[in-house]
Amino acid sequence: MSSERDFNETIMSLARKRGFIWGPSPEIYGGSSGFYDLGPLGKLLKNRLENQIRAAFVRANFWEVECPTVSPAEVWRASGHLEGFIDPVTECTKCGQIYRADNLILEKFPETNIAGQTADGLTETIRKIGLVCPSCKGELGPVKAYNLMMQTRLGLNQEAYLRPETATTTYLLFKRFLTFFRDKLPAAVFQIGKAYRNEISPRQGMLRLREFTQTEGQIFLLEKDEMEWPQFEDIKNEKLPLVTYQAQEKGNFKPVMTKTSDAIKQGFFQKPAYAWCVYLGYDIFRKMGFSENKMRLRQHLPTERAHYAADAWDIEIHTESFGWVECCGVHDRGDYDLSRHQEFSKEKLHVKVDKKPVIPNVLEIAFGIERPLFCLLDNSYRPESDERDTEWLQFPPELAPIQVAVFPLMGKDELVSPATQIFNDIMEAGFVSQFDVGGSIGKRYRRQDEVGTPFCVTIDYTTLEDGTVTIRDRDSMEQVRVHKDHLVESLRRLVKGLVQFSSLE
RNA sequence: GCGGCCAUAGUCUAGGGGUUAUGAUUCGAGCCUUCCAAGCUCGUGACCCGGGUUCGAAUCCCGGUGGCCGCACCA
């Protein structure tokens, strides 16, 4: 709706103005859609999200790796992306309209069997069934395969592609993982890195990018592990906001808080290990600052589910800008990837179970970081109100780009000098902090509100008498006095959420 | 990629074949100021890019790029 559109523009305008998101990049050359720059505050925010993700995975016993973003064509032939990551398109020779060939055929002739057909096969099918352009009845041109991977080359002419997902590059290390993990499964690894998709026509700003940062966690495990997953015990009483496919078929998208153990009993999840992955994904999103009432877990309908997947759920975040946004997929990839890479590479990618070779299964938690980044901006945005005559961002303190701002009440030397000292102490303690003397004190508070800084420290004339400073709380706009010797510790506890501001007084 | 609409300071905007290109806000310097966008002075800052028409284009035309809407696409 237009009000949602306006909301998105309001946020992007603030994000541009205050140095979160710039673009489309490269701006001074006019820009290409699907590419954005992160300004200083956007990069800080993204780092904070990544740090939460990293900490959550490490705590769950995943190990981080990093792989190249470019791989030769055979990798993508094996992974299925070279053949499967394509859109077959046909252009009307008369009016120039472009169609997805397979969709068009099935739409007009639902009985046609085109499964697995190549571009030439689809061209042949169109001729055979006499399909013409639906808008002008003109003749349709030959079907071309439009691959969504970005192509490049290595050296003079070795065909190569930028990765469309990090996961595949992780799987290529499987033999190395077996050694590293001393032949013990399950083994869990994750990767945070860039991936590339040459979208035909990206829209919706930060939500559909041609270059983006992915986080993908992988668990390599055996079938018996999937059913007997000890860590499930830890989360069996945790609740998840589930929207099952049965509910969706009845038109009901309201999430139902369901205990994970009940979800297994009711058959919403087939495998405890998978359910645990869904919970881990959900927990990571909570740690990225999303409140529970803005999240839901939506099960894929059987029709949208990959044929090998027994379970398929997405984490969705509600935004004012675009409604529910799909942010994370939890996938049961089975042994598909390792089998394919074993076949194509001729390397043994199996383990021995009862002296027989078995290719392990893979469970995956996959999401892009720019989407939650945008969603967090969206969810944190507060418009101006009676209490506050500027818009502001209510980030959770731990995720705010700038955590503490330091002001001398006025730009007088006797205040600036002790304020500088306190600012240095705060920086020394590891906070991202900003010192500001410009403008009235009220204006400086508003500036920080606008970028979501949770706490401001002000040095005033009382500081000179008794060594106390004020800490001003973004959310309530209230202040408490704290002795400067205890300031860093107080800020640490406030930022970490160990103590509420209201209980400081 | 197609069709419709659109593109002016950091942000939001007014206007428009010859102008010193409007206003607000932001930002910078200074005065003032003892806690929530005060005031005053001064200052910085813009017509998306390329081509065409014209004596002259930011303005009109064409193309490109980007944005919004619709279609298609979203592994």
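Heavy-atom basis, side chains included; hydrogens, waters and symmetry copies ignored. This structure is a prediction, so every number in the text was calculated from the model and none was measured.
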Taking the same atom, [atom1], in [N] and in [M], what whole-Å distance lies between them?
{"N": "B/G17", "M": "B/C32", "atom1": "C1'", "value": "48 Å"}
{"N": "B/U41", "M": "B/U34", "atom1": "C1'", "value": "24 Å"}
{"N": "B/U25", "M": "B/U13", "atom1": "C1'", "value": "11 Å"}
{"N": "B/C12", "M": "B/U26", "atom1": "C1'", "value": "11 Å"}
{"N": "B/C2", "M": "B/A57", "atom1": "P", "value": "30 Å"}
{"N": "B/U8", "M": "B/A14", "atom1": "P", "value": "10 Å"}
{"N": "B/G39", "M": "B/G45", "atom1": "P", "value": "24 Å"}
{"N": "B/G63", "M": "B/A72", "atom1": "P", "value": "25 Å"}

Under 6.0 Å from the six-membered ring centre of A/Phe344 and within 45° of its axis: does the NZ or CZ of A/Arg77 meet both? no
Find the partner of [N]: check Watson-Crick (N1-N3 plus N6-O4 or O6-N4) and G-U wobble (N1-O2, O6-N3) distances, both under 3.5 Å, and reply none if neither fits.
{"N": "B/A21", "answer": "none"}
{"N": "B/U65", "answer": "B/A7"}
{"N": "B/A46", "answer": "none"}
{"N": "B/C2", "answer": "B/G70"}
{"N": "B/C40", "answer": "B/G30"}

Rounded to whole angstroms, how far apart are [atom1] on [X] and [atom2] on [N]?
{"X": "A/Asn198", "N": "B/C74", "atom1": "CG", "atom2": "P", "result": "14 Å"}
{"X": "A/Glu465", "N": "B/U34", "atom1": "CD", "atom2": "P", "result": "15 Å"}
{"X": "A/Gln204", "N": "B/C74", "atom1": "CD", "atom2": "C1'", "result": "9 Å"}
{"X": "A/Trp22", "N": "B/G67", "atom1": "CH2", "atom2": "P", "result": "19 Å"}
{"X": "A/Arg481", "N": "B/C35", "atom1": "CZ", "atom2": "C1'", "result": "10 Å"}
{"X": "A/Phe322", "N": "B/C69", "atom1": "CZ", "atom2": "P", "result": "8 Å"}
{"X": "A/Asp386", "N": "B/C36", "atom1": "CG", "atom2": "C1'", "result": "15 Å"}
{"X": "A/Phe407", "N": "B/U34", "atom1": "CZ", "atom2": "C1'", "result": "16 Å"}

For a quick check of understanding: with a heavy-atom distance under 4.0 Å over all strands, which category does [X] fall into, base, sugar-phosphate or nothing?
{"X": "A/Thr458", "answer": "base"}
{"X": "A/Leu409", "answer": "base"}
{"X": "A/Ser440", "answer": "sugar-phosphate"}
{"X": "A/Arg472", "answer": "base"}
{"X": "A/Arg203", "answer": "base"}
{"X": "A/Ser32", "answer": "sugar-phosphate"}

Residue met sooner reading RNA chain B from 5', once A/Arg444 and A/Arg208 are mapped to nucleotides: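 Here A/Arg444 is the residue nearer the 5' end.
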For A/Glu391 and for A/Gln214, locate the closest nucleotide of RNA chain B by heavy-atom distance; then report the residue assigned to the nucleotide nearer the 5' terminus.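 Looking at the nearest nucleotide for each, A/Glu391 comes out on the 5' side.
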Tell me whether the OP1 or OP2 atom of [N] has a side-chain N or O from [X] closer than 4.0 Å.
{"X": "A/Lys412", "N": "B/C31", "answer": "no"}
{"X": "A/Ser13", "N": "B/C12", "answer": "yes"}
{"X": "A/Arg447", "N": "B/C27", "answer": "yes"}

Shortest non-hydrogen separation from [X] to [Y] and the atoms involved:
{"X": "A/Ala78", "Y": "A/Arg340", "result": "O-NE, 2.7 Å"}
{"X": "A/Tyr274", "Y": "A/Ala312", "result": "OH-CA, 3.3 Å"}
{"X": "A/Arg163", "Y": "A/Pro68", "result": "NH1-O, 3.4 Å"}
{"X": "A/Arg474", "Y": "A/Gly452", "result": "NH1-O, 2.7 Å"}
{"X": "A/Gln500", "Y": "A/Leu494", "result": "C-CD2, 4.2 Å"}

Has the side chain of [X] got a donor or acceptor that lies under 3.5 Å from a partner of the other kind on the base of [N]?
{"X": "A/Tyr445", "N": "B/C35", "value": "yes"}
{"X": "A/Thr470", "N": "B/C35", "value": "yes"}
{"X": "A/Arg16", "N": "B/C12", "value": "no"}
{"X": "A/Gln479", "N": "B/C35", "value": "yes"}

From C-beta outward on [X], which listed nucleotide comes closest to its side chain: [options]?
{"X": "A/Ser201", "options": "B/C27, B/U34, B/A72", "answer": "B/A72"}
{"X": "A/Asp460", "options": "B/U34, B/C35, B/C68", "answer": "B/C35"}
{"X": "A/Lys443", "options": "B/C35, B/G66, B/C27", "answer": "B/C27"}

Reference residue A/Leu376; test side chain to side chain contact (heavy atoms under 4.5 Å, CB included); the match among A/Tyr381, A/Phe285, A/Phe290: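 The passing option is A/Phe290.
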Go through the side-chain N and O atoms of A/Thr468 and A/Asp466 and say whether any donor and acceptor fall under 3.5 Å apart. yes
